[in-house]
Number of protein chains: 2
Amino acid sequence: MANERVTVIDIAKAAGVSKSTVSLVLQGSPLVNEGTRTKVNAVMRDLGYVYNRGAANLRQSSAKSKIIGVVVNDLTNSFFAELAVGVDLVVQDAGFVQFLANTSESLDRQTEVIASMREHGISGLVVSPARGSRAIDFKALVSAGMPVVAVVRPVAGAKVSSLISDNHTGMFAAVEHLARLGHTRIAFFGGFEDTAIFQERLAGYRDGIAASGLVYDEGLVFACAPSRAEGAKAVVRAMAAVDQPTGGVCFNDAVAFGVYDGLRARRLEPGVDFAIVGFDDVIEAGTSVPALTTIAVDPQGMGRRAAQLLLKQINAGKAEAEAVVTPVRLVVRESCGVNKLKPGRRSA
Amino acid sequence: MANERVTVIDIAKAAGVSKSTVSLVLQGSPLVNEGTRTKVNAVMRDLGYVYNRGAANLRQSSAKSKIIGVVVNDLTNSFFAELAVGVDLVVQDAGFVQFLANTSESLDRQTEVIASMREHGISGLVVSPARGSRAIDFKALVSAGMPVVAVVRPVAGAKVSSLISDNHTGMFAAVEHLARLGHTRIAFFGGFEDTAIFQERLAGYRDGIAASGLVYDEGLVFACAPSRAEGAKAVVRAMAAVDQPTGGVCFNDAVAFGVYDGLRARRLEPGVDFAIVGFDDVIEAGTSVPALTTIAVDPQGMGRRAAQLLLKQINAGKAEAEAVVTPVRLVVRESCGVNKLKPGRRSA
DNA sequence: CTGTTAGCGCTTTCAA
DNA sequence: TTGAAAGCGCTAACAG
């Protein structure tokens, strides 16, 4: 029940040296001779001394708290749990400790926890923004010079670094995959045309079409709100056309699920009558659709990258916003849409 | 790019009051008149003031850091992710923020992160100990008067609170379940006889047997190391007996998986030829066996309970170790062992 | 190489 | 009700 806090001064007294010598030892300074160092260390062990980082931070520039904040929108979703593990991994190795908070998609919660973290003196923040986050939500942080990296969901207009999926490569690979299976009419579903992400993904689609020797047809691009409901409507529209597509790539997972729904409503079997590839933005939690190929990202790897990016900024001292892209891979399931393919071009 | 830290003194100056008045406002003290309060608050907003908890803690008893530590052995396992969410929920509501660290079952990592958390002044710790944790690993913490609650895995001999599954009730329910399905010879597999947990679970088994009107037969208790390999051997032993059991309850999930393996090796179909109920200790990560009924705990609920328990201790000011039990529920899958049941007593 | 002396930003007596 | 002063545990100049 040793309750009184033991401080540098206690151990200085016990070791017969001065406060600052102890401090030097604490910081592993080479200016203290070996004998003193060992003695001091021994005393620290004996008295059960624990370093008070709060006090140290107070005295120092206060910029080096060795705490980084991690806020995710849904820790229940294993994607984000893995992401947190990835962050933790590199952050621990760098001698930092991480605050982890879960917002459950609540903007208020997010504001609260970020404020709280600031009060505790975090030296950087990795955040997977709650839905509906705006640049203004991070305004205070960035103008205070806090390094911030947004993952998974970029925040339009915010001067923070962001780490998002490789939109172009992902879509390109998806289209190539479908083309290789024999599809010649591949649609693009969902997304708001005025967003940067949409443009990137669409470009990947176009380039994939071209690279596969197919012709780009604007009539196969069905832009719509990136929601499940709109996705369902989009595919219905697509299937009403004279020259129906036999498969499609979707702006994100929500749209992909919508396309799935829309096909079922038309009595078509998703993945058999029509191939679907969804871009995995992890927007829908806990939803799982079989027979759906996705463009996926490795969450833990993304976490590691995010942490590295953040540490780089922290060490650089300045918060230069930077947009980085995380690799994606195609996770192929049974969704090749064989029924609609011309005989002879079907895949095994 | 407003970089200079703004402090109480700045806002005092700007508001035309003194440092301590500002401090009073910060703490919501009723000793400051309304006009002053609003003015001060306005100035704080204008200057973008952020409260420095580190400094505050330093001055205060230092016991009220508003940080609690959470260390789990495997955040990749969704059980622990959910647990962390549960903790976060109540901890956030109480105005705390949580440090979250993942040890990946590494004792060294665990020691490191706990030390780090102490240095940062956590006021309590929720820990799911890494495998092989001993009382000594928490000695320093408890003797420093730090409230600690161990979850999922109790640490023998450590003077920390623990929150574990309801061993007796769980086993009782499992046995009752099997008996209701018509089983009359129900085995008990796995566990070291000299541990408290084993005794509790065995007692639940015995009482369940009695409550179901069956007779307890010592020959049906197959104690062994709680590992997958030993579980496999145990069931082989059991099936070699003249009067074979038709189902069994297992000490934990590892043993249950072992039993599964053992049955397969004997060309028996688990869940059809033999009913298995496993006690879900979440010892095996990422393993999933179908057709296996389990005694499960709600991870998020457990997290909430753990946090509440911890907060209670923090508020009480003393670290009185307390053992609490978390409810369990039976998650029934297809493991009824129909093939071996007498006709007429089979379940639907 | 070691000791002295100031503070970091805040809270907290104690007076005014 | 508000102000002045002291000090939490530590580090950062400077002297010795």
Side-chain angles (χ1 to χ4, degrees), chain A residues 2-41 43-44 47-67 116 118-123 144, chain B residues 3-41 43-44 47-67 118-123 144:
Chain A
N3 251 328
E4 294 305 313
R5 230 187 188 313
V6 18
T7 80
V8 273
I9 201 158
D10 294 321
I11 90 108
K13 213 165 290 174
V17 297
S18 86
K19 260 177 26 152
S20 31
T21 306
V22 178
S23 183
L24 259 1
V25 172
L26 248 18
Q27 305 170 72
S29 163
L31 285 67
V32 54
N33 84 39
E34 209 40 56
T36 320
R37 179 196 302 304
T38 17
K39 167 143 209 180
V40 169
N41 278 322
V43 173
M44 295 203 292
L47 300 188
Y49 170 73
V50 358
Y51 183 63
N52 184 335
R53 258 168 216 282
N57 285 348
L58 192 53
R59 189 59 181 86
Q60 284 167 156
S61 30
S62 160
K64 39 168 65 170
S65 69
K66 291 297 194 175
I67 304 178
S116 171
R118 283 195 75 189
E119 294 185 355
H120 282 287
I122 55 171
S123 41
Chain B
N3 251 329
E4 294 304 313
R5 234 191 185 309
V6 20
T7 80
V8 273
I9 202 158
D10 295 322
I11 91 108
K13 213 165 289 176
V17 297
S18 85
K19 258 174 34 149
S20 31
T21 306
V22 177
S23 182
L24 258 6
V25 172
L26 248 19
Q27 305 171 74
S29 161
L31 284 68
V32 53
N33 84 37
E34 208 41 55
T36 320
R37 177 194 304 302
T38 19
K39 166 141 209 184
V40 169
N41 278 322
V43 173
M44 295 204 292
L47 300 189
Y49 171 73
V50 359
Y51 184 62
N52 184 335
R53 260 170 216 280
N57 286 349
L58 192 53
R59 189 58 178 83
Q60 285 169 153
S61 30
S62 158
K64 40 171 63 170
S65 68
K66 291 296 195 175
I67 303 178
R118 283 194 75 188
E119 294 185 355
H120 281 288
I122 55 171
S123 39

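Small disclaimer: the values here were computed from a predicted structure and weren't measured. A note on names: the letters A, B, ... follow the listed sequences, proteins ahead of strands, and every chain is numbered from 1.
Nucleotide D:dC10 holds its C1' atom 17 Å from the NZ atom of A:Lys66, rounded to whole Å. As a whole-Å value, the separation of A:His120 NE2 from C:dG9 P is 18 Å. Remark: P of D:dC10 and CG of B:Asn57 are 14 Å apart, rounded to the nearest angstrom. When the P atom of C:dG9 is taken as reference, atom NZ of B:Lys13 falls 12 Å away, rounded to whole Å. As a whole-Å value, the separation of A:Glu34 CD from C:dC1 C1' is 13 Å. Taking atom CD of B:Gln60 as the reference point, atom C1' of C:dT13 lies 15 Å away to the nearest angstrom. One interatomic measurement links the two molecules: OH of A:Tyr51 to C1' of D:dC8, which rounds to 15 Å at whole-angstrom precision. Per the geometry, CG belonging to B:Leu58 stands 14 Å off P belonging to D:dG7, to the nearest Å.
Side chains of B:Thr38 and B:Glu34: no donor on one and acceptor on the other come within 3.5 Å.
With rounding to the nearest 0.5 Å, the separation of CE in A:Met44 from CG in A:Asn41 is 4.0 Å. Here the straight-line distance linking atom NE2 of B:His120 with atom NE2 of A:His120 works out to 12.0 Å at 0.5 Å rounding.
Looking at heavy atoms from C-beta onward, B:Asn52 lies in side-chain contact with A:Leu58 at the 4.5 angstrom threshold. Within the 4.5 Å cutoff, no side-chain heavy atoms of A:Val25 are placed close to those of A:Thr36. By the 4.5 Å heavy-atom criterion applied to side chains, A:Leu26 and A:Tyr49 are counted as neighbours.
Using a 4.0 Å cut-off, some side-chain N or O of B:Ser23 falls inside it from OP1 or OP2 of C:dT11. A close approach under 4.0 Å does not occur between any side-chain nitrogen or oxygen of B:Gln27 and OP1 or OP2 of C:dC10.
At least one donor-acceptor pair closer than 3.5 Å links the side chain of A:Arg37 to the backbone N or O of A:Ser29. Between the side chain of B:Asp10 and the backbone N or O of B:Thr7 there is at least one donor-acceptor pair closer than 3.5 Å.
Qualifying salt bridge (charged side-chain N to carboxylate O under 4.0 Å, His left out) partners for B:Arg118, counting only residues two or more places apart in sequence or in other chains: none.
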Heavy atoms under 4.0 Å is the rule here; annotate nucleotides 2-7 of chain C 5' to 3' with B where the base is hit, S where only the sugar-phosphate is, and - elsewhere.
-> SBB-BB
Pairs under 3.5 Å (Watson-Crick or G-U), crossing ones as [ ], inter-strand ones as |: DNA chain D comes out as |||||||||||.||||
